[in-house]
Amino acid sequence: SKKIEISAEIPYLFHQFQSNENHGFGDINIVGKFLIVDENETYPTFTLKGVIKTNSGNNEIGLGSGDMDYNLTGVVSKTIMDFALHSMLGYSFIGRNGYKNIQNIYLYGVAVDYSLNEDFHILTEIAGNIHPDRRVSVSPLSGLLGFTYKISDKFIYDSAFKFGLNDLAPSWNISSGVSMTF
């Protein structure tokens, strides 16, 4: 159905953790998206997205958090000519993994998707969240530049460069993947 989308995000990570370079599979996300209201001339699209983050990555070498997380996010989108405007607000229940100062967090963001043609889109986003450590008063904020390319009716390739807009967000991150529709 076009109203429900189920997916899995299986990250393979390369990063430096405690002066060692590590790589391997991170925490897997199971994602469900549910279309609540479809866009028309008057109203934007409203979608609910739920995520279960597993504890499958090795947290001892920085490839996972060591605990399960659960998230629910609302997304509102409106298409205006070749632009799709998006905003999101969410809440995550963060697994504590034995740390008493960990708190649940709010997520927020705005994004623009520009359609160069039917197959190729350019994306930009600014997103942040409340810091999960309740002792930290500043929260991470990041930007993203990327694109999607529709390979066929079944496959979409995406790639993005994410960068920190303050010291609490990672300096940079590159992601790339293929979405397959059944």
Side-chain angles (χ1 to χ4, degrees), residues 1-15 21-41 43-58 62-65 68-90 92 107-129 142-164 169-182:
S1 167
K2 293 201 177 236
K3 293 188 177 259
I4 299 173
E5 180 181 309
I6 306 293
S7 64
E9 299 169 355
I10 306 169
Y12 193 86
L13 306 171
F14 299 88
H15 71 99
E21 288 191 26
N22 297 308
H23 60 92
F25 288 101
D27 291 339
I28 295 172
N29 292 322
I30 308 300
V31 182
K33 292 181 186 177
F34 308 96
L35 177 64
I36 306 298
V37 176
D38 209 354
E39 180 176 4
N40 61 35
E41 288 183 23
Y43 298 106
T45 297
F46 178 65
T47 305
L48 278 178
K49 176 181 174 181
V51 179
I52 298 171
K53 186 197 66 64
T54 68
N55 57 354
S56 57
N58 184 339
L63 298 177
S65 70
M68 302 277 286
D69 298 344
Y70 305 92
N71 171 271
L72 185 62
T73 298
V75 179
V76 176
S77 301
K78 184 70 175 155
T79 303
I80 301 171
M81 297 178 6
D82 293 335
F83 294 90
L85 309 173
H86 311 280
S87 63
M88 65 105 171
L89 181 63
S92 288
L107 312 159
Y108 52 89
V110 293
V112 177
D113 174 334
Y114 176 68
S115 174
L116 286 172
N117 58 45
E118 186 179 319
D119 298 333
F120 192 77
H121 292 238
I122 297 173
L123 316 166
T124 184
E125 175 186 67
I126 295 176
N129 59 270
S142 61
L144 176 140
L145 297 171
F147 70 90
T148 62
Y149 178 70
K150 182 179 174 185
I151 299 167
S152 71
D153 287 340
K154 299 278 184 200
F155 294 96
I156 296 176
Y157 174 74
D158 64 80
S159 187
F161 176 74
K162 192 172 183 179
F163 50 92
S171 298
W172 62 276
N173 174 314
I174 296 174
S175 66
S176 182
V178 175
S179 298
M180 181 173 51
T181 305
F182 295 98

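What's counted below: heavy atoms across the whole structure, side chains too, no hydrogens, waters or symmetry copies. Quantities reported herein were computed from a predicted structural model and do not represent experimental measurements.
For the pair V110 and H86, the minimum side-chain heavy-atom distance is 4.5 Å or more. Side-chain contact between V31 and E9: present, with at least one pair of heavy atoms (C-beta onward) separated by less than 4.5 Å. Side-chain contact between Y12 and I10 is absent, with no heavy atoms from C-beta onward closer than 4.5 Å. The closest side-chain heavy-atom distance from Y114 to D82 is below 4.5 Å. The shortest side-chain heavy-atom distance between T45 and L35 falls under the 4.5 Å cut-off. Side-chain contact between I30 and I28: present, with at least one pair of heavy atoms (C-beta onward) separated by less than 4.5 Å. Annotation: side chain of P44 is in contact with side chain of V76 (closest heavy-atom distance under 4.5 Å). Residues T47 and S77 are not in side-chain contact: their nearest non-hydrogen atoms beyond the backbone lie 4.5 Å or more apart.
When the shell of 6.0 Å around NZ of K162 is examined, it contains 12 or fewer heavy atoms from other residues, nucleotides or ligands. In this structure, N117 places its CG atom where more than 12 heavy-atom neighbours from other residues, nucleotides or ligands lie under 6.0 Å away.
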Q) What's the verdict on side chain to side chain donor-acceptor pair (under 3.5 Å) for S176 and Y157, showing C-alpha distance, side-chain angles and the deciding distance? A) CA-CA 8 Å; S176 182; Y157 174 74; 2.6 Å; yes
Q. Could you walk me through whether I4 and K33 pass the side chain to side chain contact (heavy atoms under 4.5 Å, CB included) check?
A. CA-CA 6 Å; I4 299 173; K33 292 181 186 177; over 6 Å; no
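Atom-to-atom distance recorded for F155:CZ and S179:OG is 10.5 Å, nearest 0.5 angstrom. Once rounded to the nearest 0.5 Å, the distance linking CD1 of I126 with OG of S142 reads 9.0 Å. How far CZ of F120 is from OH of Y149: 9.0 Å, rounded to the nearest 0.5 Å. How far CG of L48 is from OG1 of T73: 9.0 Å, rounded to the nearest 0.5 Å. Once rounded to the nearest 0.5 Å, the distance linking CG of D113 with OG1 of T148 reads 6.0 Å. From M88, atom CE reaches atom OH of Y108 across 9.0 Å, with rounding to the nearest 0.5 Å.
Side-chain atoms of K78 come within 3.5 Å of backbone atoms of N40 as a donor-acceptor pair (strictly under, hydrogens ignored). For the pair D27 (side chain) and G57 (backbone), a donor-acceptor distance under 3.5 Å is present.
By the 30° and 60° cut-offs, the orientation of the rings of F14 relative to H23 is parallel.
Residues N173 and S175 bring no donor and acceptor atom of their side chains to less than 3.5 Å of each other.
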